[in-house]
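Okay, structure first, notes after.
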Amino acid sequence: MANEDVFKNLVAHCKEYGFIFQSSEIYDGLSAVYDYGQNGVELKNNIRKYWWDSMILLNENIVGLDSAIFMHPTTWKASGHVDAFNDPLIDNKDSKKRYRADNLIEEHIEKINAKIKKETDKARKRFGDSFDEQMFRQTNARVTELQQKADILNNRFVKAMNDNDLTELKKIIIDYEISCPVSGTRNWTDVRQFNLMFATDMGSNAEGAMKVYLRPETAQGIFVNYLNVQKTGRMKLPFGIAQTGKAFRNEIVARQFIFRMREFEQMEMQFFVKPGTEAQWFDHWKNTRMKWHKVLGLGDEKYRFHDHDKLAHYANAATDIEYNFPFGFKEVEGIHSRTDFDLSQHQKYSGKKLQYFDPDTNESYVPYVIETSIGLDRMFLQVISAAWQEDTIENEKGASDTRVVFKLPPVLAPVKLAVLPLVKKDGLPEISRKIMDEIKYDFNCQYEEKDSIGRRYRRQDAIGTPFCITVDHQTVSDNTVTIRYRDTMEQERVNIDKLRGIIKEKVDMGSFLKRL
RNA sequence: GCGGGAGUAGCUCAGUUGGUAGAGCAUCAGCCUUCCAAGCUGAGGGUCGCGGAUUCGAGCUCCGUCUCCCGCUCCA
């Protein structure tokens, strides 16, 4: 099956079996927003728990945090989000290329200045030592004209940018006949502004209202609480703060199912270290995080690092962990060495010292930060992409038959165990209910008695239930049931009293974490 | 945002030159009891994404709009 079809089937499967629904579907949906259904929420919670426990339980020097989605607006000035994401953009309809309108105009001004310089240089050559540039510029008609043109343009441009006047920016591009460098045409769309952050008003009356943003990343909630946690937790470097939570980005193009959504969940851990040790910790977390992925057993060959050549303004090293989705290798997690950029920025904008007093050296400094940041929804997509399979099996009559099965790691599966009476009579349902009642405190279990046993197995396969136990007539006499394994479809007969222990060993998070 | 494709039952889809909607699976009730889907009987479920136009009459034609998919574009 082609990858494209696999992905299409996976999306359909997610809806059919209650994993993922489009948001507000009865109102035609909301673009790039999705809801997690009855099975999806269980899987998502389990993935989050795997991440959280691997951070919090396995590392004495990492603690948790749950910071608010709303933050003081200055946060986003300090972080650089306000300035970096307010670009006026314009498209050329012929070349389909998109440009920053301000860049196009600036380039045009540059061109005019270049012409002036060319004229001036020519004159300088001609007049030699007696050349007076100031005089020349004022007296030469051609240069004066160009200079005036540039000044008028520049004034209009600066005013338009200050007023945030998008219509005027478009008008400048038209008036000065600025054309697309690729197509050479002037077939432009309107200038539009894309602010990546969602804004809303905080405060009930219009005058007192303050513009606040829905956070575009959870990291800043950690940075602004750095000192609170360090002081109250008596944390010593190196230490980390972990947080999971929703973030919001008004993406221009949001696509590929839950890969890029406007509302999404991040799982971030910011690790504060002594300056100079960041390279070693960067390597440590790079390896630790890769192992976390591979232990799930989704296929080691499906992962790779992608080191960044071009680094962001705040980073001195950065890599992505990429997973081979049905639509190719894409970023799932980023590991960044963020230097002291964030804490220094917040120190500058807040006027509060965000330093660490090092008792070993008796000096104060702003810690460096190693960030691990993973998209929970992307992780979800990674898990289900790997887990979805259409197996071809042969039945007893020799005919081939297909089986759709979600081979989820048992520790992540939404439902761990299905309890199935072989037939719904002869006291089998009653025994099954009794087993359910004893075991439901430990795992998410489902009871099913409708339809043939084979059909019920298939239904459980489709939602990824790793174990089915079947209560049959032999159960009545010897207190044993069969465990049927999802991946092999093989069965094993065990005593009811041993059930809980056998299943728990295979689905327990604590036991699973020991593999890390 | 541009270009292309699509939207009919929970899912996958059919629906002729326009004549007020069908199948399979799924769901529910009952029968049958059988360890790997597809046994029997019956039932429920759709104003065909939404709005408008043309027409005596629109799932089908036209316009608009929303959503999804693919490619480009963007992506701390």
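A note on names: the letters A, B, ... follow the listed sequences, proteins ahead of strands, and every chain is numbered from 1.
The residue K15(A) sits close only to the backbone: its heavy atoms come under 4.0 Å of sugar-phosphate atoms, none of a base. As judged by a 4.0 angstrom heavy-atom cut-off over every strand, I453(A) is placed among residues touching the sugar-phosphate backbone only. Within 4.0 Å of D461(A), counting heavy atoms only, lies no atom of the nucleic acid at all.
Regarding F467(A), its CZ atom lies at a distance of 23 Å from the P atom of C35(B), rounded to whole Å. Between the CZ atom of F327(A) and the C1' atom of G71(B) there is a distance of 15 Å, rounded to whole Å. What separates CD1 of I20(A) from P of C68(B) is a distance of 14 Å, to the nearest Å.
For the pair R289(A) and W292(A), the cation sits on the ring face: its NZ or CZ lies under 6.0 Å from the ring centre, inside 45° of the axis. Judged by the 6.0 Å distance and 45° axis criteria, R215(A) is not positioned over the aromatic ring of F248(A). Figure legend: K286(A) and F305(A) shown as a cation-pi pair, the cationic atom lying under 6.0 angstrom from the six-membered ring centre and within 45 degrees of its axis.
A salt bridge is defined here as a Lys NZ or Arg NE, NH1 or NH2 lying under 4.0 Å from an Asp or Glu carboxylate O, and E333(A) with R378(A) fails to meet this definition.
Of the candidates C11(B), U33(B), C35(B), U33(B) carries the atom nearest the V423(A) side chain, counting heavy atoms from C-beta on. Closest to the A12(A) side chain, of the nucleotides C35(B), C11(B), A37(B), is C11(B). Nearest to the side chain of K425(A), among C11(B), C36(B), U33(B), sits U33(B). Distances were taken from every side-chain heavy atom of E16(A) (C-beta onward) to each of C11(B), A37(B), U33(B); the shortest belongs to C11(B). With distances taken from any side-chain atom of Y34(A) to the nucleotides C69(B), C35(B), C11(B), the minimum falls on C69(B). For Q491(A), taking side-chain heavy atoms from C-beta onward, the closest of the listed nucleotides U27(B), C11(B), C35(B) is C35(B).
A sub-4.0 Å separation between OP1 or OP2 of U27(B) and a side-chain N or O of R459(A) is present. One finds no side-chain N or O of S452(A) lying less than 4.0 angstrom from the OP1 or OP2 phosphate oxygen of C32(B). Residue Q22(A) has a polar side-chain atom (N or O) positioned under 4.0 Å from OP1 or OP2 of C68(B).
The partner of U65(B) is G49(B), by the rule that a Watson-Crick or G-U pair needs both atom distances under 3.5 Å. Using N1 to N3 plus N6-O4 or O6-N4 for Watson-Crick, or N1-O2 and O6-N3 for G-U wobble, each under 3.5 Å, C72(B) pairs with G1(B). Using Watson-Crick or G-U wobble geometry with both donor-acceptor distances under 3.5 Å, G39(B) finds its partner in C31(B). When both distances must be under 3.5 Å, the Watson-Crick or G-U wobble mate of G22(B) is C13(B).
Evaluation of atom-type donor-acceptor distances gives a pair under 3.5 Å for the side chain of R260(A) against the base of C75(B). Remark: the R484(A) side chain and the C36(B) base include a donor-acceptor N/O pair separated by less than 3.5 Å.
Take D320(A) and apply the side chain to side chain donor-acceptor pair (under 3.5 Å) test, not counting sequence neighbours, and it matches H308(A).
Using P as the reference atom, G22(B) and C36(B) are 38 Å apart when rounded to the nearest Å.
Put simply, CZ on F70(A) and OH on Y213(A) are 13.0 Å apart, with the number rounded to the nearest 0.5 Å.
Between Y176(A) and H108(A), the angle of the ring planes goes over 60°, which puts this pair in the perpendicular group of the 30/60° scheme.
Crowding of E430(A) atom CD: a count of heavy atoms from other residues, nucleotides or ligands under 6.0 Å exceeding 12.
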Can you give me the N/O atom pairs linking the protein to nucleotides 48-51 of chain B at distances under 3.5 Å, or say none if there are none?
unit_1	atom_1	unit_2	atom_2	d
G49(B)	O2'	D28(A)	OD1	3.1

